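Quick notes on the structure that follows.
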Amino acid sequence: MKRFLKTKFYRTKMKNVNLLITFLLLVCPLATMAQQVPDTTAVNNNDSITWNKELDGVVVKAQRQLIKQDIDRVAYDVQHDEEAKTQTVMDMLRKVPMVSVDGQDNIQVKGNSNFKVYKNGHLDPSLTKNAKEVFKSMPASVVKRIEVITDPGAREDAEGVEAVLNIVTLTNTKMQGVTGVVSSSLNTLGHPNFYSSLTSQLGKLMLSVDYGYNGMTKRDSYNRVENSRTYLDTGNTTLSGSEGSNPGNIHFADIDASYDIDSLNLISASFGGYFYTLNVQGDGYNQLLNSAGKQLYSYNNSYWMPGYNHHSWNGRFDYQHKTHLDGERLTMSYMLALTRQHTDQESTYTELNDVSFPYTGSLMRERERFTEHTFQVDWLRPLGRGHQLEVGAKYIDRNNSSRSVQTFYDIDTNTSDEFQHTTRVIAGYADYIFRAAKFSARAGLRYEYSYMRGSYPDGKGTAFDKHLGDWVPQATLKYQLTDAQSLKLNYTTSINRPGISYLNPAVNVSPTSVSQGNPQLSSSHTQRISLVYSYIMPKLTLQLAPGYNAYSSGISSIVTAKDDIRYSTYDNILRYRRISVEQYVQWKPFDTTTLVLNNNLRYEHYENPNLGYRNHGWSDNYSLSLQQRLPLKLRLSVSAYGKLGHSPSSVYYVQHSYLNYYASLQRSFLKGDRLTVRFTANAPFNKYWYMEAETVNGDFTGIERSWNRNRSFSISASWRFGSLKSSVKKTEYSIENSDVVGGISKSN
């Protein structure tokens, strides 16, 4: 009864407000004296309405809140961000809570680069695998909102990631005509970008087609690296460096279709992926000095990868059936993922002075294949007001194979290795959700049985297999303190399984290093707990999220040195602890000004108990941006981002701080702002992007410095045409796999 009276009172209040607005609009032009009407806030949709009484009437301004939080996700409303008309999805990500993008456009979600990408609620392998390049080409104008699914639930918690990035494209209820977007950009380094999207409807059939292209030039991909390593057993120091580029072409495409059989049955399908070719090339030098600074040997080297290409394709089919019970649905899904990678890497050595190796070069040919079939069924059943139960099952058949051949020049020595790895996973889960007026909860449990088998077709090794069983619990509690404030507590676990590059025993040899995988690796488990406080109002949005992550027996690189040569492999030996505080602030001091701060402050501790190595430190990944509306429909954006402190990346290495920045100016044209043009200056006062990393543990110490092209000026344009009221429909659930670390996969 209280809820009914409250709702009735709210509707009566809003009705009176609407009558008051109508009265003011009619009467105020006749008034002889202006009066300031106080601000008020409409509860619905978190929109705020500001009334300003002026001599010539009343101006009604609406400010839509761009941030929204639910029990399992945080959403950013891209469609109502005016800058989305010409900016890319990559630009928008810098504004999304819990997402950070560095100067090389590397994306982190919740402070971690291990995440998966959905499109309209479904795993998109091509986006997950190549998010950096696709998001730089995809215009934000085709996106409705970006969601960070912080607590996915038992249905996907074992997938080995901390979060899911869900890109929701424009959707509505009716379709009228055809719509499309064409976007293109070019910068002063010769880097071209192109993206096109077209959506249409043929009766009950709806189709959407996307294609994008990203080109890299020699100037754009230029890089320079300098290394200094001092070996503890000999006291000798290696000085090395290289300078090169990796021009190439990246293409990605996707086609989605859905068919409404009737009001209760829906079929959807998609096929897409990406492929790229790179022409990696460069020159370098190597020099070994003793502790007194005397040269022991030196040589120059040239490297070339003329045949490096990567293909990744995936297809998905979903059938969804809804019953007459509101909210109940059954979804059956199948997904096929294919990846093929070819690598031909040639190295030649010249100006040889006192070197110990007998060859003058080598050619390494690698072929890797990944094939995965996934079947899944999900059933969602409401259990009464505020209660919901979800159960499901999943089967994965994953096959990896690799073949490596290394040929050495001027000596009669060749090495070859073949390896096959199969993983089969059977999983089942149950997830319970409860929602009340101020309190909501979610609890789930997942069990996964996995069978892993490795074999050597060339007969060089003995086949092996493993049987693993994993329980994966999760729980979330959320309490709505006020209309603007909420508090959420979450606990999750996840599994990481090794990919083929971690497992592949093939030996890769160079004059200064020897590396190979470890076929005996097993899966690892991560435990996470976090507390999230949110304050969401039209003028100020604040989110604080302290958290703790931990795992033992994690997959880690093992690096040793002997006789001034580095040897590297992998093992389940890493212990990791992380304390972090994620912070997001969006402040609108004026109607035309928006300030956004997004950062992740963390303390990390890496440990290898067997070797006695420890590495720890504080760091802060941050992004600060200003958006300002100017006269003549101009919009100015200024952003700075980087890292503070010394960030450990393993038991061996520490990354130093860095800073980058950019500014852009944009304007829209034509009716409905269908054409938008943008000028961008990226780091105009810094020609190169400088990075520095230090080796602090192990059989050697050292420092690595790198320079990449940074300063550029670009122009971009985006044109929307047609009239779209809907996008391709999707079943509400589908398949997502992302439990593999290392190696090629559809979600790498």
Side-chain angles (χ1 to χ4, degrees), residues 39 41-50 61-70 73-85 87-101 107-111 140 143-150 163 165-168 480-488 530-546 580-601 620-630 635-642 661-664 666:
D39 292 351
T41 301
V43 177
N44 188 31
N45 293 328
N46 291 324
D47 294 342
S48 69
I49 301 175
T50 304
K61 298 180 180 179
Q63 290 181 331
R64 178 181 292 270
Q65 180 51 251
L66 299 180
I67 307 296
K68 182 180 179 181
Q69 186 185 74
D70 201 352
R73 69 194 64 199
V74 175
Y76 186 85
D77 189 351
V78 176
Q79 190 62 23
H80 290 90
D81 186 328
E82 289 295 323
E83 294 187 340
K85 292 177 181 178
Q87 292 190 351
T88 65
V89 174
M90 184 68 78
D91 297 319
M92 291 292 106
L93 286 175
R94 289 190 168 94
K95 303 182 181 183
V96 178
M98 302 186 180
V99 178
S100 61
V101 183
I107 306 168
Q108 288 191 336
V109 181
K110 298 182 67 177
V143 175
K144 182 176 182 180
R145 65 180 181 274
I146 298 174
E147 298 176 341
V148 178
I149 304 177
T150 55
L165 201 60
N166 185 29
I167 308 299
V168 182
Q480 197 71 31
L481 300 171
T482 65
D483 290 341
Q485 301 178 82
S486 66
L487 197 63
K488 183 175 69 171
S530 62
L531 182 67
V532 182
Y533 167 77
S534 297
Y535 176 85
I536 301 177
M537 289 295 286
K539 291 288 186 180
L540 178 65
T541 297
L542 171 67
Q543 180 168 286
L544 296 175
S580 61
V581 180
E582 297 174 58
Q583 304 160 74
Y584 178 85
V585 180
Q586 184 189 87
W587 180 40
K588 299 179 179 179
F590 311 105
D591 291 342
T592 59
T593 306
T594 303
L595 289 167
V596 177
L597 171 65
N598 202 354
N599 75 313
N600 185 296
L601 178 66
D620 186 14
N621 291 299
Y622 65 90
S623 172
L624 179 63
S625 63
L626 164 69
Q627 291 86 43
Q628 179 67 48
R629 288 204 308 255
L630 302 174
R635 290 183 176 273
L636 173 68
S637 297
V638 180
S639 180
Y641 49 90
Y661 56 97
Y662 75 90
S664 68
Q666 73 176 56

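Computed from a predicted model, the values in this text were never measured in an experiment.
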Return the minimal non-hydrogen interatomic distance between V96 and N598, and the atom names on each side.
O-ND2, 2.6 Å

Counterpart residues, side-chain contact (heavy atoms from CB on, under 4.5 Å), relative to L595 (two or more places apart):
W587, L626

What verdict does the side-chain contact (heavy atoms from CB on, under 4.5 Å) test give for I107 and M90, after you've listed the backbone C-alpha separation in whole Å, the side-chain angles of each residue and the deciding distance to 0.1 Å?
CA-CA 9 Å; I107 306 168; M90 184 68 78; 4.0 Å; yes

Taking salt bridge (charged side-chain N to carboxylate O under 4.0 Å, His left out) as the test, write out the residues that go with R629, two or more places apart.
none

Identify the two heavy atoms, one from E582 and one from N600, that lie closest to each other, and give their separation to 0.1 Å.
CG-ND2, 3.0 Å

Which residues pass the side chain to side chain donor-acceptor pair (under 3.5 Å) test with Y622, not counting sequence neighbours?
none

Which pair of heavy atoms, one from K588 and one from P538, lies closest together, and at what distance?
CD-O, 3.6 Å

Nearest 0.5 Å, what's the OG1-CE distance between T482 and M537?
8.5 Å

Grab the two heavy atoms, one from H80 and one from D77, that are nearest each other, plus how far apart they are.
ND1-OD2, 3.0 Å

Check L624, V596, L542 against V585 for a side chain to side chain contact (heavy atoms under 4.5 Å, CB included) and give me the one that passes.
L542

Go through the structure and list residues passing side chain to side chain donor-acceptor pair (under 3.5 Å) with Y533, not counting sequence neighbours.
Q485

What pairs with D620 under side chain to side chain donor-acceptor pair (under 3.5 Å), at least two apart in sequence or on another chain?
N599

What heavy-atom pair brings E147 and R73 nearest, and what distance separates the two atoms?
OE1-NH1, 2.8 Å

Steps toward side-chain contact (heavy atoms from CB on, under 4.5 Å) verdict (V168, I146):
CA-CA 6 Å; V168 182; I146 298 174; over 6 Å; no

Quick one: NZ on K144 to CD1 on I167, what's the gap to the nearest 0.5 Å?
14.0 Å

I need the minimum non-hydrogen distance between A545 and V532, along with the two atoms involved.
CB-CG2, 3.9 Å

Would you check if there is a donor-acceptor pair between the side chains of Q627 and S637 at a distance under 3.5 Å?
no

For residues I536 and K68, determine if any side-chain heavy atom of one lies less than 4.5 Å from a side-chain heavy atom of the other.
no

Rounded to the nearest 0.5 Å, what separation is found between the CG atom of L636 and the OG1 atom of T593?
10.0 Å

For residues Q543 and V74, determine if any side-chain heavy atom of one lies less than 4.5 Å from a side-chain heavy atom of the other.
yes

Output all residues satisfying side chain to side chain donor-acceptor pair (under 3.5 Å) with S486, sequence neighbours left out; order by chain, then residue number.
Q69

